[in-house]
Student: 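Can you read through this structure? Questions will come right after.
What you see is a predicted model; the values in this text were computed from it and never measured. Below, all heavy atoms of this structure are taken into account, side chains as well, without hydrogens, waters or symmetry copies.
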Amino acid sequence: MQILTLLRERFAVALAELIADPQLRASSLERIVPSREPQMADYQANIAMPLAKPLGKPPLEIAKEIVAKLQLDDICESVTVAGAGYINLRLSPAWMAAQLQSAASDERIGVGGTASPKIYVIDYSSPNVAKPMHVGHIRSTVIGDAIANVLRFLGHRVITDNHLGDWGTQFGMIIYGYKHFRDPAAYAQRPVAELSRLYRYVQSIIAYEDAVAAVPKLEAQIVQAAQRVDLARKKQEAAPEDKKASKELQAAKNGLRNSEDELASNQAKIAECKANPEFMADATQHAGINEAVLAETAALHRGDKENMKLWHEFVPHCLDEIHAVYQRLGIQFDHEYGESYYHDLLSAVVEELFAKSLAVQSNGAICVFLEGFDAPMIVRKQDGAYLYATTDIATALFREREFEPDACLYVVDHRQSEHFNKLFAVLKQIGLTHTEFKHVSFGTVLGTDGKPFKTRSGTTVGLEPLLDEAVERAWAVVCDPNRLQGAGIDMDDAEKRHVAETVGIGAIKYADLSHNRTSNYVFDMDKMVQLEGNTSAYIQYSYARTQSILRKAAVQGWTEDRWQSSSLQLREPIEIALGLQLMRFEEALEQSMQEYLPNVITEYLFETARMFSSFFDQCPVLKADSESVGLSRLQLTALVGRTLKTGLKLLGIGVVDRM
RNA sequence: GCCCCAGUAGCUCAGUUGGAUAGAGCGCGGCUUUCCUAAAGCUGAGGUCACAGGUUCGAAUCCUGUCUGGGGUACCA
């Protein structure tokens, strides 16, 4: 149900006689919006005020003229002019009831879908397969999945592709680790655990070497910074009133402190390593490990027999592990062309860029220089190796041939926005101008300390233990025996497990989706498994209550066929408000996809659940004053349930019939 | 240095692309269970929308400048 579309059609007829300029008419129609002031209106048209100048009349007069020409008798209960010239529309409850009734008998609860279906390719999740998945992967995965679901539901063709990092430097680390540090028994028993141990171990040696190498540089930096502070202080003392001098002094002090902090943390890291003689023995023996790792990676990319064999051995293990996580999250992809899939295409891509004179040689690397960017996009390194950027170009070209998309969405961390800006500029130059490329960026996942989660800092939370913890906490709250008894619910263990899993996983997904994706997001386990407030549990709980009413209704003889064939009526204010909210489901979905913001949907669902709770309190269903009122409310209840369930499902979150 | 993003209630965040008196959740105070799940509902306190100018019928939203924080910035992904 697209109320806005309908209203705009009616307004278009009225405005046609008043406004000659078609552009002005179009912009006026866009000023018809859902009202922010529910006491005043359901929808409002803020048309008259900006027309005052072009039409040379006072806004109130214009508003009245528009209202006089409007034909809205069937839809609206009242159309009034207020304030500076707002046209306020109040929908007619009878009309709303009729619309809801037809939504109730519709499989898609009245969501008609888009008039202009498009083909979307959505690139999301995209973890590095050899590293254990961690909390940082959840945003891309969950947001991308939600966007894919919603676009599909709205009638678009959606192709999802998990662009796995299965070809990068991390494989050099694992191969090197496997050759020198492996524990055959552990590998035989749990290959992925052993591989990730090797990955972390090699990385820790690299980190140690980096720290050692950084010390002299930092010491030099500190000397310089101290000089800068002295200089700035003298300047500031000479001119205490000079704001710039004070600022410079402050900046110099900060610089010095940063360098000192960094040196201290490096030294702490080194000391920690030195306290471990076994580690030091390996570190000494494998000095220069970074170069050795790069050599292993390069050998793999050259097709070295041994390394290829290992790669083919490792990858399936890694994929099994990742797929287990996806299965638990309920997420599937149409395709999983990893980076390795494009490897053989890369040299041709670079040659083509070169042939078209788009790419040039610079400092031994092959680069595409772009207007508006300081640094070029490097597509081949000095040493001849290809990069992320090269693969991305090859991937875009492949998708273009394979799927002919109207739009490609990349659901990736905002820190890569410059990379994507460059990529899209290159793609445009290559000639992919008819496809819309969009970086659906999202804020960094931060720890409670406000710093980004890092794969290199051994403290990273693995994704699986995280899910386990959420489920465990959900169990403790939802399956508390006292609570269940109070609610009159008798559950066996299997059902409890299912409920805890649904609520726990839902909590993690919802916490992520309910934030505006563009802002940074503090991952706080304590908060997200709070099962009250704006959380998935609150909505799931509301759904369970709708189902509970429907179950009890059937027991007292109000079966589905009876309330389905009864007439739906909106009488009480809360019923009308709830009815309007239900009619706006499609509006919320459409709006959410305007800028691909899933939090628009979480807000809608939360608001719907809240309204249902009010309705639940104020309007008895099973004990309504009359049977016709009861049956009508039962229809409304069922529609609430279906809307909540559908909405959550689009977000990748499940429901249970009782909890 | 340059570029990008953010700054809204004690805390965590929304704010429908410029609309009317800026909203939720948590926390804090009060009220409501003979009634369909009280994980609920109702209600109160709490704000210089970082700061200063500007644009216009109208600004948290757009422009300019300043402050604060985060990110990026030639061979990582």
Side-chain angles (χ1 to χ4, degrees), chain A residues 30-31 33-37 40-41 44 46 48-50 52-53 58-59 82-86 88 126 128 165 168-170 247 339 362-367 372-383 385 387-389 391-392 412-419 421 441 443-444 446 450-452 477-478 480 483-484 486-489 514-516 518-522 524 527 530-535 537-538 540-542 544-545 548-553 556 587-588 591-592 594-595 597 599-600 602-603 606-607 610 613-614 616-624 633 637 658-659:
Chain A
E30 276 177 25
R31 293 170 170 280
V33 292
S35 177
R36 280 187 170 175
E37 311 287 329
M40 302 196 151
Q44 58 177 305
N46 311 316
M49 293 81 89
K53 227 175 231 176
Y86 302 99
N88 287 338
S126 312
N128 283 324
T169 320
Q170 77 272 19
K247 220 176 112 181
E339 292 180 309
S362 170
N363 290 338
I366 296 183
C367 309
F373 294 96
D374 291 341
M377 178 165 237
I378 297 173
V379 294
R380 207 183 79 180
K381 299 199 281 185
Q382 282 176 332
D383 65 6
L387 303 99
Y388 182 44
T391 311
D392 271 359
V412 183
D413 195 306
H414 76 285
R415 282 175 291 193
Q416 294 186 39
S417 63
E418 188 169 329
H419 163 76
N421 285 337
S441 71
T444 312
L446 306 173
K451 289 181 179 168
V477 179
V478 181
D480 173 40
R483 197 192 80 80
L484 287 178
I489 299 171
S514 60
H515 289 82
N516 183 315
T518 56
S519 39
N520 284 349
Y521 163 57
V522 176
D524 186 344
K527 253 195 99 178
Q530 288 289 329
L531 303 178
E532 48 188 19
N534 185 2
T535 62
Y538 177 83
Q540 288 167 323
Y541 171 65
S542 301
R545 294 213 287 188
S548 169
I549 293 177
L550 295 179
R551 274 194 307 271
K552 292 192 171 159
Q556 80 174 48
E587 197 174 287
Q591 193 201 325
S592 147
Q594 212 87 48
E595 288 296 328
L597 294 169
N599 68 309
V600 172
T602 62
E603 260 164 58
F606 181 53
E607 189 59 27
R610 270 160 51 90
S613 287
S614 288
F616 184 91
D617 247 45
Q618 295 172 31
C619 299
V621 178
L622 302 180
K623 291 172 184 160
R633 287 179 181 167
T637 302
R658 49 184 205 163
M659 61 186 272

Student: Report which part of the nucleic acid A/Glu587 touches: base, sugar-phosphate, or nothing (heavy-atom distance under 4.0 Å, all strands).
Tutor: nothing
Student: The side chain of A/Ser519 lies closest to which of these nucleotides: B/A20, B/G19, B/A14?
Tutor: B/A14
Student: Taking any heavy-atom pair under 4.0 Å as a contact, classify A/Val621: base, sugar-phosphate, or nothing.
Tutor: base
Student: Going by the glycosidic torsion and a 90 degree boundary from 0, is the base of B/U48 oriented syn or anti?
Tutor: anti
Student: NA contact type, A/Ala588, heavy-atom cut-off 4.0 Å: base, sugar-phosphate, or nothing?
Tutor: nothing
Student: How many Å lie between CG on A/Asp617 and C1' on B/U43, as a whole number?
Tutor: 14 Å
Student: Is there a donor-acceptor contact under 3.5 Å from the side chain of A/Gln540 to the main chain of A/Met659?
Tutor: no
Student: Look at all strands and tell whether A/Asp383 reaches a base, only sugar-phosphate, or nothing, counting heavy atoms closer than 4.0 Å.
Tutor: nothing
Student: B/C63 and B/A6: how far apart are their P atoms, nearest whole angstrom?
Tutor: 11 Å
Student: CG of A/Asn46 versus C1' of B/G19: gap in Å, rounded?
Tutor: 5 Å
Student: Could you measure between the two P atoms, the one in B/G65 and the one in B/C3, and give it in whole Å?
Tutor: 10 Å
Student: Counting only N and O atoms by type, is there a donor-acceptor contact under 3.5 Å from the side chain of A/Ser592 to the main-chain atoms of A/Leu597?
Tutor: yes
Student: Round to a whole Å and report the spacing from NZ of A/Lys552 to P of B/C35.
Tutor: 11 Å
Student: For B/C62 versus B/G18, give the span between their C1' atoms, rounded off to a whole number of Å.
Tutor: 8 Å
Student: Please pick, from B/G19, B/A40, B/A14, the nucleotide with the shortest atom-to-atom distance to any side-chain atom of A/Glu603.
Tutor: B/A14
Student: Side chain of A/Phe616: nearest nucleotide among B/A38, B/U12, B/A77?
Tutor: B/A38
Student: Which whole-number value in Å describes the distance from A/Glu339 CD to B/A77 P?
Tutor: 7 Å
Student: Side chain of A/Asn599: nearest nucleotide among B/C13, B/A40, B/G15?
Tutor: B/G15
Student: Using a 4.0 Å heavy-atom cut-off across all strands, classify A/Ala365 as base, sugar-phosphate, or nothing.
Tutor: base
Student: Does the side-chain ring of A/Phe606 lie flat on the base of B/A24, meaning centres under 5.5 Å and planes less than 30 degrees apart?
Tutor: no
Student: Using a 4.0 Å heavy-atom cut-off, does A/Gln44 contact any base of the nucleic acid, only the sugar-phosphate backbone, or nothing at all?
Tutor: base
Student: Counting the atoms with a prime plus P, OP1 and OP2 as sugar-phosphate, which does A/Ser614 contact under 4.0 Å by heavy atoms, base, sugar-phosphate, or nothing?
Tutor: sugar-phosphate
Student: Which one, B/C36, B/G70, B/C2, comes nearest to the side chain of A/Asp374?
Tutor: B/C2
Student: Just compare B/G19, B/U37, B/U56 and give me whichever is closest to any side-chain atom of A/Arg36.
Tutor: B/G19
Student: Among B/C36, B/A77, B/U16, which nucleotide sits nearest the side chain of A/Gln591?
Tutor: B/U16
Student: Side chain of A/Pro376 only, heavy atoms from C-beta on: which candidate in B/C42, B/G19, B/A74 is closest?
Tutor: B/A74
Student: Between B/A38 and B/G15, how many Å separate the two C1' atoms, rounded to a whole number?
Tutor: 30 Å
Student: Expressed as a whole number of Å, how far does the P atom of B/U61 sit from that of B/G54?
Tutor: 14 Å
Student: Select base, sugar-phosphate, or nothing to describe what A/Asn534 touches, counting heavy atoms under 4.0 Å on all strands.
Tutor: sugar-phosphate
Student: Considering only the P atoms, how many Å lie between B/A20 and B/G30, rounded to the nearest integer?
Tutor: 34 Å
Student: Between atom CZ in A/Arg415 and atom C1' in B/C3, what is the gap in whole Å?
Tutor: 17 Å
Student: Quick one: label A/Asn88 by what it contacts on the DNA or RNA (base, sugar-phosphate, nothing), any heavy atom closer than 4.0 Å.
Tutor: base
Student: Using a heavy-atom cut-off of under 4.0 Å over every strand shown, decide if A/Arg610 touches base, sugar-phosphate, or nothing.
Tutor: sugar-phosphate
Student: Answer with base, sugar-phosphate or nothing: what part of the nucleic acid does A/Glu607 contact at a heavy-atom distance below 4.0 Å?
Tutor: nothing
Student: Expressed as a whole number of angstroms, how long is the span from A/His414:NE2 to B/A77:C1'?
Tutor: 16 Å
Student: Given 3.5 Å as the limit, does a donor-acceptor pair link the side chain of A/Gln382 with the main chain of A/Asn363, or not?
Tutor: yes
Student: Check every strand shown and say whether A/Met377 touches a base, only sugar-phosphate, or nothing at a heavy-atom separation below 4.0 Å.
Tutor: nothing
Student: Counting side-chain heavy atoms from C-beta on, which of B/A77, B/A74, B/G18 comes nearest to A/Ile378?
Tutor: B/A74
Student: Let me know the distance between CD of A/Glu30 and P of B/G19, rounded to the nearest Å.
Tutor: 13 Å
Student: Is the base of B/A77 touched by the side chain of A/Thr391 through a donor-acceptor pair closer than 3.5 angstrom?
Tutor: no
Student: Among the candidates B/G72, B/C13, B/A74, find the nucleotide nearest to the side-chain atoms of A/Cys367.
Tutor: B/A74
Student: In whole Å, what separates the P atom of B/C51 from that of B/G7?
Tutor: 12 Å
Student: For a side-chain contact (heavy atoms from CB on, under 4.5 Å) check, start with the C-alpha distance between A/Tyr538 and A/Ser613, then their side-chain angles and the critical distance, and finish with the verdict.
Tutor: CA-CA 10 Å; A/Tyr538 177 83; A/Ser613 287; 3.3 Å; yes
Student: Would you mind telling me which residue lines up with the more 5' stretch of RNA chain B, A/Thr169 or A/Glu595, judged by nearest nucleotide?
Tutor: A/Glu595
Student: Between A/Cys367 and A/Ile378, which heavy-atom pair has the shortest distance, and what is it?
Tutor: SG-CG1, 3.9 Å
Student: Quick one: label A/Asn421 by what it contacts on the DNA or RNA (base, sugar-phosphate, nothing), any heavy atom closer than 4.0 Å.
Tutor: nothing
Student: Could you tell me whether A/Pro59 contacts a base, only the sugar-phosphate backbone, or nothing, with contacts defined as non-hydrogen atoms closer than 4.0 Å?
Tutor: nothing
Student: Please tell me if the side chains of A/Gln44 and A/Arg31 come closer than 4.5 Å, counting only heavy atoms from C-beta onward.
Tutor: no
Student: Answer yes or no: is there a donor N or O on one side and an acceptor on the other, between the side chain of A/Thr637 and the main chain of A/Arg633, under 3.5 Å?
Tutor: yes
Student: Checking understanding here: a glycosidic angle within 90° of 0 is syn, the rest anti, so what is B/U64?
Tutor: anti
Student: Quick one: closest heavy-atom pair of A/Asn520 and A/Thr444, and the distance?
Tutor: OD1-N, 3.0 Å
Student: Measuring only the P atom in each nucleotide, how far is B/U16 from B/A60? A whole number of Å is fine.
Tutor: 13 Å
Student: Could you tell me whether the side chains of A/Gln416 and A/Tyr388 share a donor-acceptor contact shorter than 3.5 Å?
Tutor: yes
